[in-house]
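Everything below concerns the one structure shown next.
Treat the numbers as computed from the prediction; the structure is a model and nothing was measured. Heavy-atom basis, side chains included; hydrogens, waters and symmetry copies ignored.
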Amino acid sequence: MKITLKDGSFREYGEAKTVYEIAKDISEGLARAACAGELNGEIVDLRTEIHQDADLSIITASEEEGLKVIRHTAAHVMAEAVKRLFPNAKVTIGPAIADGFYYDFDAEPFSREDLDKIEAEMKKIIKEGHEIKRFTLPKEEAIAFMKEKDEPFKVELIEELPADAVISFYDQGGFTDLCAGPHLMNTKGIKAYKLISSSMAYWRGDSEKARLQRIYGTAFNKKDELNEHLEKLEDAKRRDHNRLGREMGIFTTVDVIGQGLPLFTPKGTKMIMKLQRWIEDLEEKEWGYVRTRTPLMAKSDLYKLSGHWDHYKDGMFVLGDEETDKEVFALRPMTCPFQYYVYKNEQHSYRDLPYRMGETSTLFRSEDSGEMHGLTRVRQFTISEGHLIVRPDQMVEEFKGCLALAKHCLQTLGVEEDVTYHLSKWDPDNRKKYIGEPEVWEETQQHMRDILNELEIDFVEDTGEAAFYGPKVDINARNVYGKDDTMITIQWDALLAEQFDMYYIDQNGEKVRPYIIHRTSLGCYERTLAWLIEKYAGKFPTWLCAEQVRVLPISEKYESYANSVQKELLRNGIDATTDNRSEKIGFKIREARLDKLPYMLVVGQKEEEEGTVSVRSRFAGDEGSRPLKEFIDAIKMEIDSKEIRKEEALEEK
């Protein structure tokens with residue numbers, strides 16, 4: 001047989017060979033570094049036997065697929081360590097994921113001390129150097145095998161497989177796990193690993209099923225790679241909005257109020273207000289939107305008409321019981337049907353379109369407790385929601401306009417380079433989830449694909465992520481822990497106008513159904529604020545800061561001048577405070593730095609006599625003495641332009 005290698009060269013063999021044997025034939029070094037093989041485009045185990053002509057690449061730890069194999073094997077080693085230390089724990093699943101691995105156990109919660117013990121046991125297992133062997137069993141034997149080991153979750157997984165399935169297992173010196181692989185050849189291949197954290201998880205992600213304990217870990221081929229990754233994780237912890245936002249006094253949560261219901265302090269509230277006023281003015285004055293204000297709840301009749309009652313009821317807060325109450329209401333999880341009735345309030349001609357409606361909408365969604373985190377996933381949130389009622393011939397250009405508005409918002413916030421674009425499509429194999437005919441979906445999705453390509457926007461396609469009434473473009477950002485969150489959504493809807501009997505009068509006096517674009521320009525304010533906290537590590541652009549300037553008198557004698565400076569700053573629309581405490585000026589300056597303020601104005605005798613301020617900034621340190629008016633003109637220009645001023649490397653004094 002002829003084996004064609006990655007570089008185009010080939011090897012010929014007269015008998016079957018495993019991937020590992022071929023790697024060893026190429027070089028001993030390659031065999032030692034090998035983690036898996038890519039056989040005819042499929043990632044396979046090193047133990048895989050090849051019997052006929054094939055294309056083969058040897059996968060090492062320098063490639064992402066190689067790291068996945070190392071991490072998958074590390075997950076098995078961790079599971080063995082858990083079973084040694086906690087014999088009553090039941091194993092479930094343990095895959096490799098981005099940047100690491102996890103394994104779920106039916107067990108008592110794990111403490112940090114437990115994780116340290118598990119790490120130490122993993123070290124013993126790795127040192128023992130067990131060969132990892134693969135074997136298969138027919139379904140009934142596999143079930144009996146796992147029942148004997150008293151692993152009910154594995155039994156459940158096997159029972160769902162076809163009757164003729166051949167099930168694979170991996171054994172590493174006594175610990176055996178149900179697994180498709182691939183895995184390393186020996187436990188000694190795990191060279192650098194760390195258990196990161198533990199948390200609660202549900203079996204198969206279903207809150208109605210067993211509560212499990214998930215252990216997260218990571219593994220690399222070299223210790224310096226692991227150390228670099230751990231340093232990044234420490235930076236992520238420092239930037240984590242859920243920690244930093246609380247430390248900076250931006251928001252908090254209270255148990256008696258409820259999970260996913262954050263309280264914003266005056267500081268956080270001011271930041272949200274700045275974002276909101278910017279978006280509202282931008283949409284109305286520059287992008288041609290009218291503003292609406294609609295109720296926070298509605299009767300179930302509205303949601304039945306829109307389809308949300310059938311497709312989304314489990315995610316809504318329902319007020320009342322349909323069997324016992326005359327009227328049942330629900331807090332709104334979206335604004336679209338409300339704004340439709342604003343449009344329907346009067347008749348529209350083709351000349352009136354596009355009709356762009358914007359609203360600062362507070363929404364409510366019944367998120368599962370295990371899904372909520374800080375400000376990124378909450379039960380009450382506010383978004384820059386909008387709906388455009390357009391003629392079919394306007395749809396493409398208006399959709400482009402929504403993308404342009406979104407990009408403008410991202411550029412202004414300095415995060416345009418941090419996002420990815422996703423074309424979220426319907427799943428034709430899950431027809432119950434969607435309304436409308438297949439041809440409408442396919443045509444709509446192709447229009448959106450063409451728009452993204454024309455605008456030269458790189459994107460990926462996600463099947464099954466569309467809304468039940470139409471496909472969408474999701475603009476996602478990755479948080480400090482590597483998880484993607486959807487920040488902005490733009491949806492194409494060719495279906496709901498029919499359900500709500502929406503129309504416009506065309507040139508011939510005929511009633512015609514419009515198309516609808518559902519969109520956000522900035523998205524959820526809470527999630528955006530979380531994103532910005534992590535992006536800037538709390539050092540926000542000046543325009544967004546709740547406190548832009550702090551005036552620092554060097555002693556009590558200059559409080560009057562400091563107060564007059566603050567008053568002039570406030571008069572010019574600059575958010576300023578004065579620190580009149582009886583503290584040394586060095587202490588005040590250090591505190592202002594810790595508060596990550598953009599500017600400090602130090603004032604004393606010289607400044608009072610000359611009408612100046614001594615400027616210290618987060619960006620350049622000591623900027624020297626300047627006339628107050630000159631400073632005000634400069635900072636107003638920075639704020640009005642929403643400049644993102646870069647920080648210079650400063651020495652701490």
Side-chain angles (χ1 to χ4, degrees), residues 260-261 276 279-280 283 289-319 328-345 355-368 371-372 376-390 399 402 406 424 426 433-436 444 465-475 485-502 514-528:
L261 299 170
Q276 180 178 323
I279 290 297
E280 289 177 351
E283 290 179 347
Y289 282 75
V290 295
R291 302 214 64 77
T292 66
R293 182 179 173 88
T294 56
L296 299 180
M297 66 176 75
K299 295 194 296 185
S300 59
D301 306 52
L302 179 72
Y303 305 115
K304 289 174 182 177
L305 183 59
S306 69
H308 288 90
W309 201 254
D310 292 333
H311 294 271
Y312 203 78
K313 182 182 176 184
D314 289 344
M316 297 167 65
F317 288 104
V318 177
L319 311 176
V328 174
F329 287 78
L331 299 178
R332 65 179 184 185
M334 84 308 291
T335 311
C336 44
F338 297 85
Q339 286 196 325
Y340 296 164
Y341 281 99
V342 173
Y343 173 81
K344 283 166 61 69
N345 185 55
Y355 188 74
R356 308 181 187 99
M357 293 176 285
E359 181 166 337
T360 302
S361 302
T362 297
L363 306 179
F364 306 85
R365 294 183 184 173
S366 183
E367 299 284 2
D368 183 87
E371 294 294 320
M372 287 181 288
T376 57
R377 191 170 289 276
V378 291
R379 286 175 169 152
Q380 176 184 307
F381 55 96
T382 302
I383 66 173
S384 58
E385 193 159 18
H387 296 88
L388 290 76
I389 315 302
V390 305
F399 201 91
C402 291
S424 297
W426 81 316
K433 181 181 175 182
Y434 306 97
I435 63 174
T444 299
E465 295 299 317
F468 69 85
Y469 51 81
K472 55 183 177 169
V473 171
D474 285 324
I475 304 177
D485 293 309
T486 298
M487 308 308 297
I488 297 172
T489 293
I490 306 169
Q491 297 175 329
W492 184 305
D493 176 7
L495 298 171
L496 287 184
E498 178 75 29
Q499 289 183 228
F500 281 86
D501 191 28
M502 298 168 67
Y515 281 1
I516 304 168
I517 299 174
H518 308 239
R519 48 99 278 182
T520 55
S521 49
L522 183 65
C524 168
Y525 288 105
E526 290 85 352
R527 186 174 289 182
T528 297

Point to revise | Test log, rule side-chain contact (heavy atoms from CB on, under 4.5 Å), inputs Phe317 and Arg379 | key: CA-CA 10 Å; Phe317 288 104; Arg379 286 175 169 152; 4.0 Å; yes
Check your understanding: Stepwise, does the ring-ring contact (aromatic ring centres under 6.0 Å, His included) test hold for Tyr340 with Phe500?
Key -> CA-CA 8 Å; Tyr340 296 164; Phe500 281 86; 5.0 Å; yes
Practice item. Work out which heavy atom in Met502 is nearest to a heavy atom in Pro514; give both atom names and the distance. Key: O-CD, 3.3 Å
Revision key, fill the gap. For Arg365 and Pro333, the nearest pair of non-hydrogen atoms, with its separation, is NH2-O, 2.8 Å
Review point. Does the pair Val318 and Trp309 meet the rule for a side-chain contact (heavy atoms from CB on, under 4.5 Å), with working shown?
Key: CA-CA 10 Å; Val318 177; Trp309 201 254; 3.9 Å; yes
Review point. How long is the span from the CG atom in Leu388 to the CD1 atom in Ile517, to the nearest 0.5 Å?
Key: 5.0 Å
Review point. What is the ring orientation for Tyr303 with Phe338, classed by angle as parallel under 30°, tilted 30 to 60°, or perpendicular over 60°?
Key: perpendicular
**Study point:** His311 (side chain) donor-acceptor with Tyr434 (main chain) under 3.5 angstrom
**Key:** no
Practice item. Give the minimum heavy-atom separation between Arg332 and Thr294, together with the two atoms involved. Key: NH1-OG1, 2.6 Å
Review point. Minimum heavy-atom separation for Ser366 to Asp314, with atom names?
Key: CB-O, 4.2 Å
**Study point:** Heavy-atom closest contact (Ile279 atom, Ser521 atom, distance)
**Key:** CG2-OG, 3.4 Å
Practice item. Please check if the side chain of Gln380 supplies one atom and the backbone of Gly260 the other of a donor-acceptor pair under 3.5 Å. Key: no
Review point. Is there a donor-acceptor contact under 3.5 Å linking the side chains of Thr376 and Asp485?
Key: no
Exercise for review: Measure the CZ-OG distance between Phe381 and Ser361 for me, rounded to the nearest 0.5 Å.
Suggested key: 9.5 Å
Check your understanding: Does any donor atom in the side chain of Thr292 or Gln339 lie under 3.5 Å from an acceptor atom in the other side chain?
Key -> yes
Check your understanding: Sequence neighbours excluded, which residues qualify as salt bridge (Lys or Arg N to Asp or Glu O under 4.0 Å) partners of Lys344?
Key -> none
Study note, to complete from the structure: Rounded to the nearest 0.5 Å, the CH2 atom of Trp492 sits from the CZ atom of Phe399 at a distance of 7.0 Å
Review point. Taking C-beta and beyond as the side chain, do Thr382 and Glu526 meet within less than 4.5 Å on heavy atoms?
Key: yes
Exercise for review: Would you give the length of the straight line joining atom OG1 of Thr444 to atom CD of Gln491, rounded to the nearest 0.5 angstrom?
Suggested key: 12.0 Å
Exercise for review: Please name the pair of heavy atoms, one in Asp474 and one in Thr489, separated by the smallest distance, quoted to 0.1 Å.
Suggested key: OD1-OG1, 2.9 Å
Practice item. Start with the C-alpha gap between Ile383 and Thr335, add the side-chain angles, then the distance that decides, and say whether side-chain contact (heavy atoms from CB on, under 4.5 Å) holds. Key: CA-CA 10 Å; Ile383 66 173; Thr335 311; 5.6 Å; no
Practice item. Compute the ring centroids of His518 and Tyr469, then answer whether they are less than 6.0 Å apart. Key: yes
Review point. Can Ser384 and Thr520 be counted as having a side-chain donor-acceptor contact under 3.5 angstrom?
Key: no
Exercise for review: Working to the nearest 0.5 Å, report the span between CE of Met297 and CE of Met316.
Suggested key: 11.5 Å
Point to revise | Under 3.5 Å: donor-acceptor pair, side chain of Glu385, backbone of Glu359 | key: no
Check your understanding: How far does OH of Tyr289 sit from CD of Glu280, to the nearest 0.5 angstrom?
Key -> 13.5 Å
Review point. For Lys299, does the NZ atom sit with more than 12 other heavy atoms under 6.0 Å from it, leaving out its own atoms?
Key: no
Review point. Does the pair Met357 and Ile389 meet the rule for a side-chain contact (heavy atoms from CB on, under 4.5 Å), with working shown?
Key: CA-CA 8 Å; Met357 293 176 285; Ile389 315 302; 3.9 Å; yes
Check your understanding: So do Asp310 and Phe468 actually touch side chain to side chain, heavy atoms under 4.5 Å?
Key -> no
Check your understanding: Can you check whether His308 reaches Cys336 side chain to side chain, under 4.5 Å on heavy atoms?
Key -> yes
Point to revise | Set of salt bridge (Lys or Arg N to Asp or Glu O under 4.0 Å) partners for Glu283, sequence neighbours left out | key: Arg291, Arg519
